Amino acid sequence: MKDGDDHAPAGPPRGNVTRRRILQGTAGVGAALASAGIYEMIDTLAKPPSRPVAADSSPLQEQYILQNEQVVMVDGSGVKSRRGTIAVRVPALHNHVITARLNVPGNAKALQEAQHHFESVLLDVERKLPATPTGVATTVAWGLPYFHHYVPTLGKASGFFKAGTRYPAYLPVDVTTSKKEGRTVYALQEARTFPSDQSPPGFGPVRLEQNDVAVLLRSDSLAHIKAAQEALFGPGSSRAGSLFKVTSIRRGFSGGGFYGQQGLPSKLALAAGIPGAESIPRQAQGFLGFATTLDSNMGPGVIANLETLPGLTDQWPNGYFKQGTTMHLSHLFQDLVTWYEKNFPQYADRVQAMLHPGLSPAPAPGTFALQPPGQSKAQVAEGVRRYHAYGHTGSMSEVDSTTSPMTGNYGKDYPSGTTIPVRGDFDTLDNPFHYTSDPAADHYSKTPAAGLHFIQFQPTTAIFNLVRLSMDGHYPDRTLPVAPRSPHAGINSVLHTTHRQNYLVPPRRHRSFPLAEFLV
């Protein structure tokens, strides 16, 4: 790998006052929901994947699972092939996230009315559009501010809680971490920063957000996304927009090249004039040129549920949040010039940064679908001793997986090394968001920038923190002697984090204003 200084992405420019004023207020939200800007191009640039009809299209209780997301076998260039040996999940082409604070009085009657109304709107969307990529998959996640401010005490007794249970005692308990730390630790924790977190120059510290709710919409059709957004956040008695004050709209995309077409990252980055775009491999799933939805790197089935792995949380067998999970949401800029031209100019350099040092890949610059070899912490440490470097995937491959064979609470056997988290990240040209209610604080700009809206689902926030710290070379029992933003620390030197927040994703049956039914 090549030594070099950390380079911030060009800009990001700060935008102009006129645009900021346009995007403020309710009218701005409506205009932003209706217009997708450059993302309107996607439906003309990419043919929707041919997805088989699901045997059972009824929605799962697990909101976070993208139903009917088929797995295809691809070759080294990431294209579906009869001779392909790498299993890749085909994500939805369009991925949008809307964050909001509540516009509902903090009393039981108002919250219960909101609960019923929001659920009725969600059900209406699902009646019109299946909860799959051919329709629109909706995931509703709730932040700690919602629970703290709107559900201070459960006034009603139930089969789940005693009357008078106060926040946060009704939240799922992270049993494993609680035992380690000798105190009660909940599955959902406030977001934190990490050693390699660094915003672009002039941005200020990473923003640890305090939204009440985040709604993730995934579909192969932009029209379906727009229809769902209008129903959930638009005005009118038959819609749910009056319940929320939208704080951000985050749009993005993934894939498009699995069937031999030019992928969306390459097409859209070139169309937007992003510096370094010409270096993105033609069929790449993501801006950095590597497949991100390798089946082996995604938790199988319901392993990311709060209750699936024995002893992890207190939600088995009858927790209120059973079949739910936690979600991390963040935004990062990706510096393509530093990635492709400065710190990692050769394909082999990028492979070693993404996987681990010492690999000798075939000299094929367009190849980007690679099966990670997996490393133990001892192997990562040996790589640092030998090469004074570690790779992104290699650093995390042990801590994000089961460490021994186990049988889940639903009877499924998980071999040692089975991945636990499920990723849902997607590339974006937002700078940093398509819309923000606070352009100055969010450093909004209308100039496109290469970015990533990172989403990961896992049973507990502690698991996310452990995995993210390992990405920076920090393990519970050791810290690698490599500066976390060095070019020798995987891909960290080309990422610039701007926002983070953690959420609780309830099961579908409790997705609308969870726990409001217990208020008095």
Side-chain angles (χ1 to χ4, degrees), residues 26 29-37 39-40 42-44 46-70 90-100 103-104 113-142 213-244 246 249-255 323-324 424 426 434-435 455 505-514:
T26 304
V29 173
L33 286 170
S35 172
Y39 306 109
E40 301 275 1
I42 293 175
D43 284 356
T44 61
K47 181 181 178 182
S50 178
R51 300 187 188 272
V53 177
D56 181 5
S57 60
S58 57
L60 297 172
Q61 282 296 321
E62 286 81 8
Q63 290 192 75
Y64 70 94
I65 293 178
L66 185 58
Q67 294 178 240
N68 205 27
E69 181 189 38
Q70 76 268 38
V90 181
L93 295 177
H94 297 273
N95 301 262
H96 294 194
V97 175
I98 299 92
T99 63
N103 188 36
V104 179
E113 289 176 351
Q115 182 186 57
H116 294 145
H117 180 53
F118 190 42
E119 179 62 18
S120 71
V121 174
L122 287 164
L123 289 172
D124 188 55
V125 170
E126 290 175 351
R127 279 191 291 267
K128 296 174 181 176
L129 297 167
T132 68
T134 55
V136 60
T138 304
T139 304
V140 185
W142 298 87
V213 65
V215 177
L216 168 64
L217 300 171
R218 293 177 281 185
S219 178
D220 291 331
S221 165
L222 181 59
H224 291 170
I225 292 250
K226 285 185 176 181
Q229 286 180 160
E230 181 64 19
L232 299 176
F233 296 99
S237 59
S238 64
R239 298 165 181 167
S242 63
L243 304 178
F244 306 107
V246 172
I249 300 171
R250 314 176 191 203
R251 305 203 190 283
F253 48 87
S254 183
Q323 297 174 294
F426 53 93
H434 178 74
Y435 162 85
I455 293 175
V505 182
R508 188 174 300 274
R509 61 186 172 273
H510 299 312
R511 62 184 171 176
S512 180
F513 292 80

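Predicted model, so just to flag it, every value in this text is computed and none were measured. For the single chain, residues carry numbers from 1 onward in sequence order.
When all heavy atoms of A231 and V125 are compared, the pair lying nearest together is CB-CG2, 3.7 Å. Summarising the geometry of R511 relative to W142, their closest heavy-atom pair is O-NE1, 2.8 Å, with the distance given to 0.1 Å. In plain terms, the two heavy atoms of E40 and A36 that are nearest each other are OE2-N, 3.2 Å. Looking at every heavy atom in both residues, Y39 comes nearest to G252 through CE2-CA, 4.1 Å. Looking at every heavy atom in both residues, E230 comes nearest to P235 through OE2-CD, 3.9 Å. Closest non-hydrogen pair, A137 versus L66, comes out as CB-CD1, 3.5 Å.
A salt bridge does not link E62 with R509: every distance from a Lys NZ or Arg NE/NH1/NH2 to an Asp or Glu carboxylate oxygen is 4.0 Å or more.
A 4.5 Å side-chain heavy-atom check between V97 and T99 finds at least one atom pair inside the cut-off. Counting only heavy atoms from C-beta outward, the side chains of F253 and L93 never approach each other to under 4.5 Å. Annotation: side chain of H96 is not in contact with side chain of R250 (no heavy-atom distance under 4.5 Å). The shortest side-chain heavy-atom distance between D43 and D220 does not fall under the 4.5 Å cut-off. Looking only at side-chain heavy atoms (C-beta outward), V104 and L243 come within less than 4.5 Å of each other. By the 4.5 Å heavy-atom criterion applied to side chains, L232 and V121 are counted as neighbours.
Using a 30° and 60° split on the angle between ring planes, F244 and F118 fall in the perpendicular class, above 60°.
Side-chain atoms of K226 come within 3.5 Å of backbone atoms of A34 as a donor-acceptor pair (strictly under, hydrogens ignored). In this structure a side-chain-to-backbone donor-acceptor pair under 3.5 Å is missing from Q63 to R508. Within the 3.5 Å criterion, the main-chain N or O of L33 finds a donor-acceptor partner in the side chain of Q229. Under the 3.5 Å distance criterion, the side-chain polar atoms of N95 are left unmatched by any main-chain donor or acceptor of F426. With H434 contributing its side chain and S35 its backbone, the two residues share a donor-acceptor pair below 3.5 Å. Panel note: side chain H117, backbone R239; a donor-acceptor pair is recorded below 3.5 Å. Of the possible donor and acceptor atoms, none in the side chain of R218 sits under 3.5 Å from a partner among the backbone N and O of T139. Between the side chain of Q67 and the main chain of L60, a donor-acceptor pair closer than 3.5 Å is present. Between the side chain of N68 and the backbone N or O of T132 there is no donor-acceptor pair closer than 3.5 Å. Of the possible donor and acceptor atoms, none in the side chain of S219 sits under 3.5 Å from a partner among the backbone N and O of H94.
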task = Check step by step if side-chain contact (heavy atoms from CB on, under 4.5 Å) holds for L129 and T134.
result = CA-CA 8 Å; L129 297 167; T134 55; over 6 Å; no

request  = Please assess V215 against F233 for the test side-chain contact (heavy atoms from CB on, under 4.5 Å), listing each intermediate value before the final yes or no.
outcome  = CA-CA 10 Å; V215 177; F233 296 99; 3.7 Å; yes

task = Carefully, step by step, assess V140 and V505 under the rule side-chain contact (heavy atoms from CB on, under 4.5 Å).
result = CA-CA 6 Å; V140 185; V505 182; over 6 Å; no

